[in-house]
Amino acid sequence: MATREFKIGNMDCAGCAREVEAAVMRLEGVEYARVEYFTNTLEVVGDVDFARLKERVEAVGKTVSDSEPDADESFRSGRAGMLGFWDFMRGRPDSRPALVGGALLLIALAADALQLLPLDISNLFYVLAMLAAMKPIAASGINSLRFNREFNINMLMTIAAIGALVLGEFLEAATVIFLFAIGEALEGYTADRARHSLRSLVALTPATARRLDGDQSAVVKVEALRIADRIRVLPGERIPMDGAVIAGTSAVDQAHITGESLPLAKAPGDEVFAGSINGEATLDIRVSRLSADNTLSRIIQMLQESQSRRAPSQRLIDRFAHVFTPAVALAAIAVAVMPPLLLGGNFWGGPDGSGWLYRALSMLVIACPCALVISTPVTVISAITSLARRGVLIKGGAALEALAGTRVIAFDKTGTLTRGRLQVMATHTDNCADGAGCAPCAELISLAAAVEAQSAHPFAEAILQAASKQGVAYRDASGVEALAGLGVRGEVDGRRVTIGSHRYFDDAFEHSDHMCALAAGIEDSGQSAVMVHDGDAVRGVIALSDAPRDESPAVVRALGAIGIESVMLSGDNRRAAESIAAQVGVDRFYGELLPQDKVAAVETLAAARGQVTMVGDGINDTPALARATVGVAMGGAGSAQAMEAADIVLMADGLRQLPATIERARFARRLIRENIALSFGLKAAFLLLAVTGNVTMLAAVFADMGMSLAVTLNGMRALRK
């Protein structure tokens, strides 16, 4: 079954996306259709001819194309404010009739004010103005009823305008429909500006690069570059591809990728990311990823996919809005008919428009759910985009809302709260306790390095560094396998070499009291003890130590200041975990945890506190990240696995952005609640005023338009730094 994507235009609110979905789903051959409002993308699964698809989408008042640009991307004009809105209106076919209607309305108003035309001629201009502005609105409403079997707001506004015309309210009929058209377009324009904040990330990647071929260079498109190609980046230019520096030393600004505020010094061997800005010197870089797979491309893809993961409040509002409009329409019918029939009320009313029909028509104007529907998504996309600019990726509104509600954060220790760069502090054997330098200790390091050379654990890196520093050679191990949470083992020169924790060795291998005391003493000092068995006996113990990240204590204090409890989960021995916990300042800690124990600890915290966020490296802690309410992975800029493993990714290899991310999530949640409360309150107040005959249709449409703009602009406050 084929899956294709198309670009949709003329979408003014999230309700438009649902209309397109419903219309396309009814086409023969379509198995599934989904429209993402903020990316203007239609995904279709099935076999359907593009001509039929285009006809159906245009029938409900939208545009569709199989190319990337949208016809209504107003920010292309380069102008903002009312000038940008004017460009937006002129650029959309469905908005131009509103401009014609507005011109006719102004002529009629001027003629009335100056008494230049007879009343009948002025009324004719009002009717023409209404018909001009109403044409695309009525067409969309009728086709939505025809294809989707539902009354949308366009149909209700058409009925309201025609009803006003029947009542002889010519000025009101023309003005209501014109203001509604302008309001919808203005809502689309402001939402489009919010969409632009996400799309603008695409511009961070240059379209071309200087590819090196010997001493010569040629400018090529980034799509033409292949892994291991060499490229040159001049001072002040954006780096076009992910890669490693092979020549040159320069400071690189990668704030848009990792959120780090200061440029970082890059030298040969250091990794750089597409979209970063080169500093003061030329860099030669070896490409490590294709353009479609580089870090910035993955960021943009994740942000686009995040729109399908709707926040719980958004799903609730969408369900409510689906029944709100028809419910108000039915209520309006009852208001128009029941009082005249049962109470003898005036159906038509007098010249002041106080009859029950006029009240019902005012209710139809208020039935528009746009402010409610857009109240959540515009806030979510603004917050997600704002955080993305700071090097924090949020995979959808659900993760954003859950993070806002968290009250406890569980941290992995090694590589998260600590630097994850362990050092070998000492080596001990039964034959020699004088540390590195003697033959037994060198053989101990050699055996351990042979097996650890094929491991990704932080212990492995420390042991290999020690072997290199001491000049110790080691053989190639075979059959290397990890013992989850316990250690690693493999074959070295026909011997089964096992490396593991003191606790594991107490259960698995006999060893001398002296060796046991050495390991226990290392652990009592707050270090980690790693023991080595060569197939015959325990050869010795290696002492390793890690240090907290520089920012960890400040991050933990900042979290405590906003009411969040910090808990540390560690696989190390209790004394080592206790030492790091004291230095960092966490509220609680757990040591000697296997991977399944970390999952159990997260479950216990969730049962006690309701919601728990887990922060880890996104690879070794995947089970615990998956079990937590929100999983946060660190170091996403250098790890594709980390970006896939968690709900939230800190692109930088550090925790500095975590407190600000939680505060931004709480701010977004507050904006969502404000928007929903304001929308509900205004709807309820104006419905009551309409039923009691204390509001005009003009006031109702002004209020509805104003509230849609208010919630959009309020939601966009989440874009601010």
> Got a sec, which residues hit side-chain contact (heavy atoms from CB on, under 4.5 Å) with Ala665, two or more places apart in sequence or on another chain?
Replying inline: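 So Ala665 forms a side-chain contact (heavy atoms from CB on, under 4.5 Å) with Leu400, Leu403, Ala404.
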
> For Ala677, which residues count as a side-chain contact (heavy atoms from CB on, under 4.5 Å) partner, sequence neighbours excluded?
Replying inline: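 Expected list: none.
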
Say you draw a straight line from [atom1] of [X] to [atom2] of [Y]; how long is it, rounded to the nearest 0.5 Å?
X: Asp647; Y: Lys395; atom1: CG; atom2: NZ; value: 7.0 Å
X: Ser501; Y: Asp507; atom1: OG; atom2: CG; value: 8.5 Å
X: Gln611; Y: Ile409; atom1: CD; atom2: CD1; value: 11.5 Å
X: Glu663; Y: Leu559; atom1: CD; atom2: CG; value: 9.0 Å
X: Phe505; Y: His533; atom1: CZ; atom2: NE2; value: 7.0 Å
X: Asp242; Y: Asp293; atom1: CG; atom2: CG; value: 9.5 Å

Non-hydrogen side-chain atoms of [X] and [Y] separated by less than 4.5 Å:
X: Ser566; Y: Val584; value: no
X: Leu569; Y: Met614; value: yes
X: Glu461; Y: Gln465; value: yes
X: Glu674; Y: Asn714; value: yes
X: Thr416; Y: Thr414; value: no
X: Gln470; Y: Ile445; value: yes
X: Val408; Y: Val567; value: yes
X: Thr379; Y: Phe667; value: no

Between the main-chain N or O of [Y] and the side-chain N or O of [X], is there a donor-acceptor pair closer than 3.5 Å?
X: Ser552; Y: Leu417; value: yes
X: Asn278; Y: Val252; value: no
X: Thr604; Y: Ala600; value: yes
X: Gln454; Y: Ala477; value: yes
X: Thr429; Y: Pro440; value: no

> Among Val530, Val451, Leu483, whose side-chain contact (heavy atoms from CB on, under 4.5 Å) with Val488 holds?
Replying inline: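 Passing option: Val451.
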
> Can you check side-chain contact (heavy atoms from CB on, under 4.5 Å) on Thr498 and Val532, steps first, answer last?
Replying inline: CA-CA 6 Å; Thr498 304; Val532 180; over 6 Å; no

Looking at [X] and [Y], what are the two nearest heavy atoms and their distance?
X: Ser250; Y: Gly279; result: OG-N, 3.3 Å
X: Phe459; Y: Ser528; result: CZ-CB, 4.0 Å
X: Ile277; Y: Gly236; result: CG2-O, 4.0 Å
X: Pro268; Y: Thr249; result: CD-OG1, 4.1 Å
X: Met241; Y: Arg289; result: CE-O, 3.1 Å
X: Asp546; Y: Gly415; result: OD2-N, 4.4 Å

>> The test is salt bridge (Lys or Arg N to Asp or Glu O under 4.0 Å); show your working for Glu443 and Arg475 and say whether it passes.
In response: CA-CA 11 Å; Glu443 177 64 16; Arg475 283 78 74 192; 3.6 Å; yes

> How far apart are the C-alpha atoms of Ile522 and His502, what are their side-chain angles, what is the distance that settles it, and do they pass the side-chain contact (heavy atoms from CB on, under 4.5 Å) test?
Replying inline: CA-CA 10 Å; Ile522 290 170; His502 182 208; over 6 Å; no

Lys/Arg-Asp/Glu bridge criterion (N-O < 4.0 Å) met for [X], [Y]:
X: Glu578; Y: Arg575; answer: yes
X: Asp534; Y: Arg539; answer: yes
X: Arg549; Y: Asp653; answer: yes
X: Glu271; Y: Lys266; answer: no
X: Arg627; Y: Glu603; answer: yes
X: Arg496; Y: Glu491; answer: yes

> Do Gln423 and Ser545 pass the side-chain contact (heavy atoms from CB on, under 4.5 Å) test, and can you show the C-alpha distance, the side-chain angles, and the key distance before you say yes or no?
Replying inline: CA-CA 6 Å; Gln423 291 182 319; Ser545 181; 5.9 Å; no

>> Test of understanding: with side chain to side chain donor-acceptor pair (under 3.5 Å), list the residues that count as partners of Thr661, not counting sequence neighbours.
In response: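 Checked Thr661 against side chain to side chain donor-acceptor pair (under 3.5 Å); zero matches.
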
> Do Arg238 and Ser276 have a side chain donor and acceptor closer than 3.5 Å?
Replying inline: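 No, no side-chain donor-acceptor contact under 3.5 Å.
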
>> Between Ile580 and Thr418, does the side-chain contact (heavy atoms from CB on, under 4.5 Å) criterion hold? Intermediate values first, please.
In response: CA-CA 8 Å; Ile580 295 297; Thr418 66; 3.7 Å; yes

